[in-house]
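Data block below; observations after.
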Protein chains: 2
Amino acid sequence: MTSEYSAQPQPQLAEQAPARERIVQQLHLHGLKPTHQRVRVAEILMAAPTHMTAEQILAEIRRGGERVSKATVYNTLKVLAQRGLVRQIHLDPERSVYDSTIAPHHHFHDLETGEFQDIDPNDIAFSRFPTLPEGMEAEAIEVVIRLRRKRPATESA
Amino acid sequence: MTSEYSAQPQPQLAEQAPARERIVQQLHLHGLKPTHQRVRVAEILMAAPTHMTAEQILAEIRRGGERVSKATVYNTLKVLAQRGLVRQIHLDPERSVYDSTIAPHHHFHDLETGEFQDIDPNDIAFSRFPTLPEGMEAEAIEVVIRLRRKRPATESA
DNA sequence: TTGAATGCAAACGCTTTGCACTCGG
DNA sequence: CCGAGTGCAAAGCGTTTGCATTCAA
């Protein structure tokens, strides 16, 4: 039950194992000092395509007995998002969710668990699309499909 | 520069003038005691298709010199949304926005002003759509087009 | 060494809640 | 009249900020 799946449009990464080193490199490349805390945050979020809240990441780090402050997690996530290493999404009413997949894509939103799941951008195409307001361009097109458990209906035919 | 436009799929309302009375009736029909404050909130939000935050509605009521508490505006909006008279949308990172159009539709989101604008559901159609997860059904399909002012690019051709 | 990053707690902005007072039917 | 609704202020929750301390280079 690993959470590895590789359907996302990512450049084929090298191996997964020396993840920490790749993270350190990426942070460097983006002008960020790879401190212990930053590496941990990035590592947890970017290990596989997922959607996590700041609190979840905080909990995950502390679960391993390591020290981090809430502020650092929030600040780190903000910086990672600013530098384009992760993406902050605003589809949850209560909190920000960070998405490790930065390429454009869409989401299923399970209304019962609150969880998000990626939809491959190739699985959605438009046959009709609105004219954009004068002088504007689309920075992003986001489709959210809010899901509910099908009510155990009467099976007719 | 009135904000009236009627492209929305609403049942053709009677006149617009005796709005207050219609509001009072609607509140009654939904089991809500039509107090002065509730009528004002509903009136402001439901006068025309718009998107407003609780603070904007509060300000609008007070602008007319009337008394309302912030709590009442929030509570009223919550109740109106629960009863299906308005719709609460969660596409803005900082706050809830209330939408007077309850029929399913989509949104333009102006990233510079933060404003939302409705997209007629007929202006969007899918030619490819993902399979929903087993046992789930789509409660809503929301498309958000995040807009940015086109940068005054070089006019080629 | 030394500026950048961290930790802690206080501050913040939006929203909800507790409780006494008031109002609508 | 009497319970539903209101107002106010305090509490809650997610997130940010100020400042002294610590750390990576």
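Residue numbers begin at 1 in each chain, while the letters A, B, ... track the order of the sequences.
Of the candidate nucleotides D/dT17, C/dG25, D/dT6, D/dT17 has the atom lying nearest to any side-chain atom of A/Asn75. Side-chain proximity of B/Val68 to D/dG7, C/dT6, D/dT15: nearest is D/dG7. Considering only the side chain of B/Gln37, D/dG7 comes nearest among D/dG14, D/dG7, C/dC14. Checked against C/dT6, D/dT6, D/dT15, the side chain of B/Thr76 finds its nearest nucleotide in D/dT6.
Across the protein-nucleic acid pair, A/Arg40 atom CZ and C/dG7 atom P stand 13 Å apart, rounded to whole Å. Per the geometry, CG belonging to A/Leu77 stands 15 Å off P belonging to D/dG14, to the nearest Å. Following rounding to the nearest Å, A/Leu58 (CG) and C/dG7 (P) show an atom-to-atom distance of 10 Å. Separating the NE2 atom of A/His90 from the C1' atom of C/dC14 is a distance of 16 Å, rounded to the nearest angstrom. D/dG5 atom C1' lies 19 Å from atom NE2 of B/His30, rounded to whole Å. Rounded to a whole Å, the CE atom of A/Met52 is 15 Å from the P atom of D/dG14. One can place CZ of A/Arg38 at 8 Å from C1' of C/dA4, the figure rounded to the nearest angstrom. One can place NZ of A/Lys70 at 12 Å from P of C/dA9, the figure rounded to the nearest angstrom.
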(message) Please evaluate residues A/Gln37 and A/Thr72 with respect to the criterion side-chain hydrogen bond (donor to acceptor under 3.5 Å, both in side chains), reporting the C-alpha separation (whole Å), side-chain torsions for both, the decisive distance (0.1 Å), and the verdict.
(response) CA-CA 8 Å; A/Gln37 289 84 343; A/Thr72 295; 6.0 Å; no
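Between A/Phe126 and A/Val143, the shortest heavy-atom contact is CZ-CG2, 3.9 Å.
In this model, the phosphate group of C/dT15 is approached by a side-chain N or O of B/Tyr74 to a distance below 4.0 Å at OP1 or OP2. For B/Arg67, no side-chain nitrogen or oxygen approaches OP1 or OP2 of C/dT22 to under 4.0 Å.
Using cut-offs of 30° and 60° on the angle between ring planes, the pair A/His105 and A/His51 is tilted.
B/Ser96 comes within contact range of the sugar-phosphate backbone alone, with a heavy-atom separation under 4.0 Å but no base atom that close. Within 4.0 Å (heavy atoms only), A/Lys78 reaches sugar-phosphate atoms of the nucleic acid but no base atom.
Mapping B/Ala71 and B/Lys33 onto DNA chain D by nearest heavy atom places B/Lys33 closer to the 5' end of the strand. The residue among B/Thr35 and A/Gly31 whose nearest nucleotide of DNA chain C lies closer to the 5′ end is A/Gly31. Comparing A/His36 and B/His36 by the nucleotide of DNA chain C whose heavy atom lies nearest to each, the residue mapping closer to the 5' end is A/His36.
Between A/Arg40 and A/Glu60, no side-chain nitrogen of the basic residue sits less than 4.0 Å from a carboxylate oxygen of the acidic one, so the salt-bridge criterion is not met.
Under a cut-off of 6.0 angstrom, the local environment of CZ in A/Arg148 is crowded, with over 12 non-hydrogen atoms contributed by other residues, nucleotides or ligands.
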